[in-house]
Undergrad: 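Once you've had a glance at the structure underneath, I'll fire off some questions.
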Amino acid sequence: MGLTTKHIQLWLQKTNEKIQENKTYLTELDQAIGDGDHGINMARGFEEAIKKTAESDYESPSDLLKDWAMTLISKVGGASGPLFGTAILKMSMSVKGKAEINYAELTTAFEEALAGILQRGHAAENQKTLVDVWSPIVRFLQENTAFDSAAFTNQAKEAMEQTKDMQAEKGRAAYLKERSIGHIDPGSASSFYLLQSLSEVIEKEGVTV
Amino acid sequence: MSNVGIVFVSHSEQIALGLKELTTQAIQNVSIEAAGGTDDGEIGTNLEKIIQAIETVYSDKGVLILFDLGSALMNAEMALELSGRDNILIADAPLIEGGYVAAVESSMGKSLQEVLEAAEQVREQPKRG
């Protein structure tokens, strides 16, 4: 069985747990090179998404993803709201009408999420943004034919860590120029938690994608 | 007669409100609205506030949005897309001087495109002359 509504709910819950646990760490990363509110904003947005999605019984992954996305868009104050919100919203649109999601559909959903991030953020790779995690992850999904949880998590982690040595060219960190080097990009760190959580749900629940 | 409406989007509620105060002190015949801060008044921008501000100042002459920093642009673009209207533009201009010039141009009955261009030209004008 592929990814169902229940799995998407677990994905959101697990991501929220990681964001809440690492709220201070994410904020510290953002204090180093940004405006220092990333952890707080993401924690607030995900907490609201948990509350919002607890109110309804969702019939499809798409409906749940949509409410998740819209909550992030309206409740996360910084750039992360529109960016993560757009990514999840594009996934919602991509899997519309499906009761469960298989590997090819998951890959397409990620491709469209990345396209949404690129369009919304006007960013490219190597600019020290979450694009530096999402782009390699999309390529990884495209190059494989079945979901390998450990490899997926490793790929996301490695991509996140590579942002450390990059100089920021987008976002508030870009104003710091070369001083932005030496710190992991906060949006990439949050992206890692999101992706790691998906990987854990797929493994733990025995989802076959 | 209606003029081009103007929306100021800032991460700071007070910057947006202050700029509205600054421009409306000099220009009274233009609809100007501030959309600053998050929904609970923290630093950030909020999609619903921007949508609301657009609707408040909207006329058939259109609306020009000015913004401060990167993520304000993202939310302004989303608001524009969600509005479903085609006579809303976002100026790539300094918020304060661009906003002031936009208000002046709008008050003279200029078109949306003319107001946009005037605001964006501010980038090229040294303040010391």
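Since this is a predicted model, take the numbers as computed values, not measurements. Throughout, protein chains are lettered first and strands after them, A, B, ... in sequence-line order, and every chain is numbered starting at 1.
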Undergrad: Does M78(B) reach the side chain of T86(A), with side-chain heavy atoms less than 4.5 Å apart?
TA: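 A side-chain contact under 4.5 Å exists here.
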Undergrad: For E77(B), is it the side chain, the backbone, both, or neither that has a heavy atom closer than 4.5 Å to a heavy atom of chain A?
TA: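 For E77(B), heavy atoms of backbone and side chain both lie under 4.5 Å from chain A.
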Undergrad: I need the minimum non-hydrogen distance between I43(B) and D37(A), along with the two atoms involved.
TA: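 I43(B) and D37(A) have their closest heavy atoms at O-OD2, 4.3 Å.
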Undergrad: Other residues, nucleotides and ligands only: do more than 12 of their heavy atoms fall within 6.0 Å of NZ on K170(A)?
TA: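 Yes, NZ of K170(A) has more than 12 neighbouring heavy atoms, counting only those of other groups under 6.0 Å.
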Undergrad: Using side-chain heavy atoms (C-beta onward) and a distance below 4.5 Å, is N75(B) in contact with P82(A)?
TA: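 Yes - at least one pair of side-chain heavy atoms lies under 4.5 Å apart.
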Undergrad: Pick whichever of G78(A), G171(A), G85(A), A79(A) has the most heavy-atom pairs under 4.5 Å with chain B.
TA: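 Most pairs with chain B among the choices: A79(A).
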Undergrad: Could you tell me which of T45(B), L47(B), D40(B), L73(B) has the largest number of non-hydrogen atom pairs under 4.5 Å with chain A?
TA: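 Counting heavy-atom pairs under 4.5 Å, the top option is T45(B).
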Undergrad: Taking all heavy atoms of G121(A) and all of M74(B), pick out the closest pair and write down the distance.
TA: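 For G121(A) versus M74(B), the nearest heavy atoms are CA-CE, 4.0 Å.
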Undergrad: Tell me whether E178(A) at atom CD has more than 12 heavy atoms from other residues, nucleotides or ligands lying less than 6.0 Å away.
TA: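 Buried by this count: over 12 neighbours within 6.0 Å.
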Undergrad: Specify which of R172(A), K75(A), R120(A) makes the most heavy-atom pairs with chain B at under 4.5 Å.
TA: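 So the answer, after comparing R172(A), K75(A), R120(A), is R120(A).
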Undergrad: For the CZ atom on R139(A), are there more than 12 heavy atoms of other groups (residues, nucleotides or ligands in this structure) within a distance under 6.0 Å?
TA: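 Check passes, neighbour count above 12.
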Undergrad: From R44(A) CZ over to T38(B) OG1, what is the distance, rounded to the nearest 0.5 angstrom?
TA: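 OG1 of T38(B) is found 5.5 Å from CZ of R44(A).
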